[in-house]
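I have placed the structure first, in the form of structure tokens, so that the comments after it can refer back to it.
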Amino acid sequence: MKQLIDDSLPAFSTVMKEMGLSDIGWEGLLGPATVEDHGDAAMPCHSLSRELKRSPGDIADEICSLISPLLGEVAIVSSINGFVNLKAVPSWLSSKASSLLSDPRIGVGEGGRLTIAVDYSAPNVAKEMHVGHLRSTVIGDALVRMLEFKGHLVHRENHVGDWGTPFGMLIEHLLDLGEDEAANELGVGDLDSFYKQARVKFVSDAEFADRSRSRVVLLQGGDAETLRLWRVLVDESMRYFNEVYSMLGVLLTDDDIMGESYYQDLLPTVVERLSNSGMLENSEGADVVFPGGWKNRDGEPLPMIIRKADGGFNYSTSDLACIIDRVERLECDQFLYVVGTPQKQHFEMVFQVARKAGFMDDRHSSIHVNFGSVLDTDGRVLKSREGEVIKLHDLLSEAVIRANSAIEEKNPELIGEQRNNVASMVGIGAVKYADLSTERTKDYVFEWEKMLSFEGNTAPYLQYAHARICSIFRKWAGERSEIPDFEISCCEPEESNLARRLVRFPSALDETISTFSPHKLCTHLHSVASAFASFYEACQVLGSGDEAVEKSRLALCELTAKQLELGLGLLGIGVPEKM
RNA sequence: GGGCGUGUAGCAUAGCCUGGAUAAUGCACCGGCCUCCUAAGCCGGGGACCGCGGGUUCGAAUCCUGCCGCGCCCGCCA
């Protein structure tokens, strides 16, 4: 527990000096306890053994007896097995919790003023959004919220796939279907069949394929009518994507769309600059750069293709253009790419080339916030090409329907529009939390049941804790806005334990942000909700007969509620007052 | 073949960066708890050679190394 360690350091400093150990870097030894029963923080003394030529147990005993009197207000000190253990005293926990309660930011400092571009979501026009997009969208949204809360200036960048050779066939298919019919199909979200139909014709119909290729040339040449048709495809797709975003409740809007098409004008600049810096080489007819450090199957240097032999650009070029734009137009300090792990090498190469070519320098940091693949139950990567597609739209609807029936069963008094709102928060929250609560770089298996489960370490469990607190407030006669002035005084072990979890919030959030790992915040919030549930069972809040106790418990409830609300809010998950 | 990643109870995960004590959590399983602020809950219980072998260390799930399994990437798709 970082707070406790900080508050104990001066006493340790005194004692260590007294024991002649001031210069050996003992600060690093003091850390959070690994076993909660032993305390909140601990210092293993085994490594001091050699220095002092005494047993670890002896040393721990001596430190313990010297430091105990100094830490009376902070922690109970004990020693066992060569460890000095600190267990925060209830009064210390009470006062720390009180100070968090009176702070609207719950102790979270404003962390800086960087300008950060977060590249996430990135669906492809005329293609179904799949579970991979869900991950990117949900993780990216959470990171954006947290970074903004910390005080950074964040540019949301939705790098939509709205350009490239497939658009030739898509436009021709659009014409074959007729614009209205096609727009209708796309507008209702039947993207995949549209794409597949076009694809089938492209491979089986030579005449269609020829038209498609010509259409690509027209598109790239800026032909007005072709651009208009392209715009229809993009707009109809975006309408559908926006519907999904709206269901998901993410921050993305049309203003955040920075599709590949946007960077087209910059592509020649990329080539020119790479050429000027002498990095561009011709290989097998293509313009390439050799980043170095990668080899192909034959052991030869692996190139990054900038301009294909047919003159077309590919995605590396586009990503380089993005970097130029984000450095020079947006003046970003940092770029985050919330994109799946399979593209790891691609980004490493792009970043390396961008640095070497001077598109960015030491002031800039570029981070691939990678995430694992979504697998099917056989452990294979879930693919939208074969088999049935899992439409995000359907997944989210299903989640809300399930939440609705769960509420109907468990709280029949909640009805009408209010129930629908709650069902939406619960169902969507469950899906998002399932995605956010596991370490993002790991693959995970897609299972309806698991994703929509409302038990255990899930959003509904956290939301439920919040709803119960709100229920207490409703029953209580007083003004909720006055609670932050109430004094917290932990007496029961469940009260102390709840406070002990609550005070970890600021460091948990900082850790979450610095590692871009939302699951760490989830873990923290779950531990809070869990401690609250135990507290709730053991400690009657209202009508305990003692006004000071009631006020203290109300204050613990308030801090818990605020923390759940803020924490879940930063994850993009809503907190209903009833459920 | 090269590179990167991953392997923790029946299942799913956290802990690994920054080494510390009895490896934590959820699901499932077993046993208790609703005249009492929402039982989507609580309390208790069983269940793990932390992939395998070496090494470093007083101490390894954690660091290094070798092997094995799995996944991804390795030239004109993004």
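Naming convention: chains lettered A, B, ... in sequence-line order (proteins, then strands); numbering from 1 in each chain. All values reported here derive from a predicted model rather than from experimental measurement.
- Relative orientation of the F351(A) and Y337(A) rings is tilted, given thresholds of 30° and 60° on the angle between their planes.
- In the region residues 547-560 of chain A, proximity to RNA chain B at under 4.0 angstrom, judged on heavy atoms, holds for none of the residues.
- With its glycosidic angle more than 90° from 0, rC30(B) is assigned anti.
- One finds no side-chain N or O of R297(A) lying less than 4.0 angstrom from the OP1 or OP2 phosphate oxygen of rC73(B).
- Residue L9(A) places its CG atom among more than 12 non-hydrogen atoms of other residues, nucleotides or ligands, all under 6.0 Å distant.
- Regarding contacts with the backbone of rG15(B), a side-chain N or O of H519(A) is found under 4.0 angstrom from either OP1 or OP2.
- In this model, the phosphate group of rC77(B) is approached by a side-chain N or O of K308(A) to a distance below 4.0 Å at OP1 or OP2.
- Using a 30° and 60° split on the angle between ring planes, Y263(A) and H159(A) fall in the tilted class, from 30° to 60°.
- N370(A) and T441(A) share no donor-acceptor pair across their side chains, judged by distance under 3.5 Å alone.
- You won't find any donor-acceptor pair under 3.5 Å spanning the side chain of T523(A) and the base of rG15(B), going by distance alone.
- Here rC58(B) sits opposite rG20(B) as a Watson-Crick or G-U wobble pair (both hydrogen-bonding atom distances under 3.5 Å).
- Picking from rA40(B), rC42(B), rC37(B) the nucleotide with the shortest atom distance to the side chain of Y461(A) gives rC42(B).
- For rC70(B), the paired nucleotide is rG5(B), the pair qualifying as Watson-Crick or G-U wobble because both relevant distances are below 3.5 Å.
- Checked by distance alone, Y315(A) brings a side-chain donor or acceptor within 3.5 Å of a matching partner on the base of rA78(B).
- In this structure, the side chain of T523(A) engages the main chain of H519(A) through a donor-acceptor pair within 3.5 Å.
- Looking at the side chain of S47(A), the nearest of the listed nucleotides rC73(B), rC58(B), rC17(B) is rC58(B).
- W163(A) and Q264(A) form a side-chain donor-acceptor contact under 3.5 Å, judged by distance and modelled atom types alone.
- For rU25(B), the paired nucleotide is rA12(B), the pair qualifying as Watson-Crick or G-U wobble because both relevant distances are below 3.5 Å.
- Note: F532(A) and F535(A) have tilted aromatic rings, judged against thresholds of 30 and 60 degrees for the angle between ring planes.
- Using atom P as the reference point in both rG7(B) and rG51(B), the two lie 8 Å apart (nearest Å).
- Closest heavy-atom contact between E260(A) and S318(A): CG-OG, 4.2 Å.
- An OP1 or OP2 oxygen of rG71(B) is reached within less than 4.0 angstrom by no side-chain nitrogen or oxygen of K442(A).
- Projected onto RNA chain B by closest heavy-atom contact, E439(A) and P44(A) fall at different nucleotides, the more 5' of which corresponds to E439(A).
- Using bins of under 30°, 30° to 60° and over 60° for the plane-to-plane angle, the ring pair H526(A)/Y461(A) lands in the tilted bin.
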Report summary line: Letter by letter from the 5' end, nucleotides 21-27 of chain B scores (B base, S sugar-phosphate only, - none; protein heavy atoms under 4.0 Å) B---SSS
